[in-house]
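These numbers come from the heavy atoms of this one structure, side chains and all, not from hydrogens, waters or symmetry mates.
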Amino acid sequence: MRPIDLPVNPAGHAAPVTHVALRPDGTRLASCSYDGTVLVWDTQDPARPAVLHRMRHRRLVNACAWNPASPALLATASADKTVAVWRVPDDAGPPVLVSVLARHTDDINSVDWMPDGEHLICVSEDGRATMWHALTGAFRSEVGSHTAHCMAVSVSPDGVVATAGEDGMVAVRRPGTDSDTAVRHYGSSIEGCAWSHSGEVLAVARDDGKVDLLTAGLELLRTLEVSDSAARTVGWSEDDTSLVIGAYDGALHFFAADGTRTHRVRDARVWPRSVSVARGLVAAGSFWSGPHLYALDDATEIAAPTAPNHGPNALAAHDGRLYIGCDSGTVFAVDLDGTTTDDDTAAAPRAVRALDVADGPVLALAARDGALYAATYSGRVIGLLDGRRIVSGQLGAPLPSLCFDGDTLVAGTYNGELVVLDPRTLSVLARRRAHGGSVKSLTALPSGFLSAATDRTVAAGGPHRRDTLWEHGNLVNAVAVLGGRVAASASRDHTVKVGRITGDGGPGTWRAGTVQTLLGPDESVKCVGLLGDPDAPVVLAGSYDFGLYAWHVDWDATARTLASGYLLTAFGQGLSCMAPLDGDRLVVAGWDGRIVVVDLGPGGEPRVRRDWRIGDLAARADRHEEALAV
């Protein structure tokens, strides 16, 4: 397993903040990040949080939890399949690694302590909930399982364990007793749950934007109408009279326990994937370099990070220019003319512009006829055209995908909808639910477009009729097309599928012919692209295992797929996105900020022809007002 290799950011984290946990006394805050680190902040003066300690995992860190009996102990859960237990001093002395829980079989998504302060409950991508002796690292037992990813765990003060998963199941059980497990099923994913401090009420964050307050037996007490987008996380005040909810509309929602909404906070820098509450202080995750802090009573901002992270999420190319959309909301426009024949792969591009497009992350890009369109985490599409800036209405947050369909623009939403927009005005022409999960990727066809979604399917057609081409064993992250005749898809099931496709754009006409499954990556495959001849294509794919892989497809030799993939180059973090530059080149980006251009050599072998760093591009960039023509 390759460890994350990112430069240290003295301002805090070098990538988005995935999770925050205030110590019960409110004087310390732990934050976890995609950069593989855990930071412990001194929050005695919450207006001036200061980093005290920096701990590291090999992969991104998903969650952390302070020990309720021994406040100096902190558990951190990582995609490196380990949970670490640290003894964190209050002074400047170094943290001590007490134990490592290392027999997990998949990424750990959440962790919480049992009341005795000695045992931990860990839940992971494989759906398992397991109990461990935290101080020795010994496995104790399996305490439950889900049929899909287990996303959250919360332990009540009297030791009742609640788990929630993408299978829509919420389960509560008391480990080590003969008491029955109580189960409640929902029709969609559940990503967050949290016991009140009394242990009498369980808050469940629903994918439809509601939060249910349940009894310990999972009977419904009240439903809070929070957002039109998925509710993700919940934090309770110490007296259980209020709670703070993070939702995928990019906002923090403050509620009284009786269901009355008290405040709403919108800040495009905030990543409301995690919230924590202690001693009148609210902490929230961020796309920037550190956590956000608010006052619980009136939602006033107390402190916020000051440094953006330019992690690339989206790529598009048009008319000799490459566009790179980042977590910071900046889009870098790179002039590619004159950069493809130089022998130096790191040769700087002729010109770089920094376009301040959005206040928060850009998740998808599309460019045509001198216009640039950005789909954002905040649920809006922003267009730069004819020297002006136009913004759509709220379409549903976030918007992971964007492409052209003839004379219209199509955005894919987290909620599985396709939204058809007029490119001149960004007014909505039509919208319909086309997938049973987030539309992660869209790619234009000569007639219609391809889509890939978390419902495991790859589909083709227009916005009103989608024909399923094939399915994966897990969610599909990306889809690509070559010559309108070959499609490829990348999945969390660690595979790439590639197949010949046919269709004339009419309803029910899209079909897949020969489909091959390509192996090679050890982890989720995030992005995919195609080069060469559709009769003998080269497939490129980037993975969370930091590798860029290549396969030469022989349609008549399917058995070769078991051994034909090879590593083209390795990044310092997971790969994030890929896009065609033209018929002969692809551009690939990683969350380490590395940008490479790949083409095929004289013998048909893929090779890296350009190799840049987003930090270098940012340093060279001329900044332009967002309304300038691109």
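Annotation: side chain to side chain contact (heavy atoms under 4.5 Å, CB included) contacts of S576 (sequence neighbours excluded): P312, A589, W591. For R607, the side-chain hydrogen bond (donor to acceptor under 3.5 Å, both in side chains) criterion is met by D599, not counting sequence neighbours.
Although no hydrogens or angles enter the test, the distance criterion places a donor-acceptor pair under 3.5 Å between the side chain of Q516 and the main chain of D554. Not a single donor-acceptor pair under 3.5 Å links the side chain of R500 to the backbone N or O of P534. Remark: side-chain polar atoms of S33 are paired, donor with acceptor, to backbone N or O of A15 under 3.5 angstrom. At least one donor-acceptor pair under 3.5 Å links the side chain of T376 to the backbone N or O of R380. Without hydrogens or angle criteria, D455 side chain to G436 main chain gives a donor-acceptor distance under 3.5 Å. Between the S438 side chain and the G416 main chain, no donor and acceptor come within less than 3.5 Å of each other. D545 contributes a side-chain N or O that, together with a main-chain N or O of G547, makes up a donor-acceptor pair within less than 3.5 Å. Side-chain atoms of R58 do not come within 3.5 Å of backbone N or O of G36 as any donor-acceptor pair. At least one donor-acceptor pair closer than 3.5 Å links the side chain of R266 to the backbone N or O of D249. For the pair S274 (side chain) and V20 (backbone), a donor-acceptor distance under 3.5 Å is present.
Note on ring orientation: taking the six-membered ring where Trp is involved, the planes of Y248 and Y414 are tilted (angle from 30° to 60°).
The shortest distance between side-chain heavy atoms of V17 and W271 does not fall below 4.5 Å. For the pair V419 and T413, the minimum side-chain heavy-atom distance is below 4.5 Å.
Other residues, nucleotides and ligands contribute over 12 non-hydrogen atoms within 6.0 Å of the CG atom of D126.
Taking the ring axis of F546 as reference, the NZ or CZ atom of R59 stays within 45° of it and closer than 6.0 Å to the ring centre.
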Item to check | Evaluation steps, side-chain hydrogen bond (donor to acceptor under 3.5 Å, both in side chains), between S289 and N9 | outcome: CA-CA 8 Å; S289 58; N9 182 353; 4.6 Å; no
Item to check | salt bridge (charged side-chain N to carboxylate O under 4.0 Å, His left out) assessment of D592 paired with R613 | outcome: CA-CA 8 Å; D592 61 350; R613 295 285 175 173; 3.5 Å; yes
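We find that D35 and R56 are not joined by a salt bridge, their nearest charged nitrogen and carboxylate oxygen being 4.0 Å or further apart.
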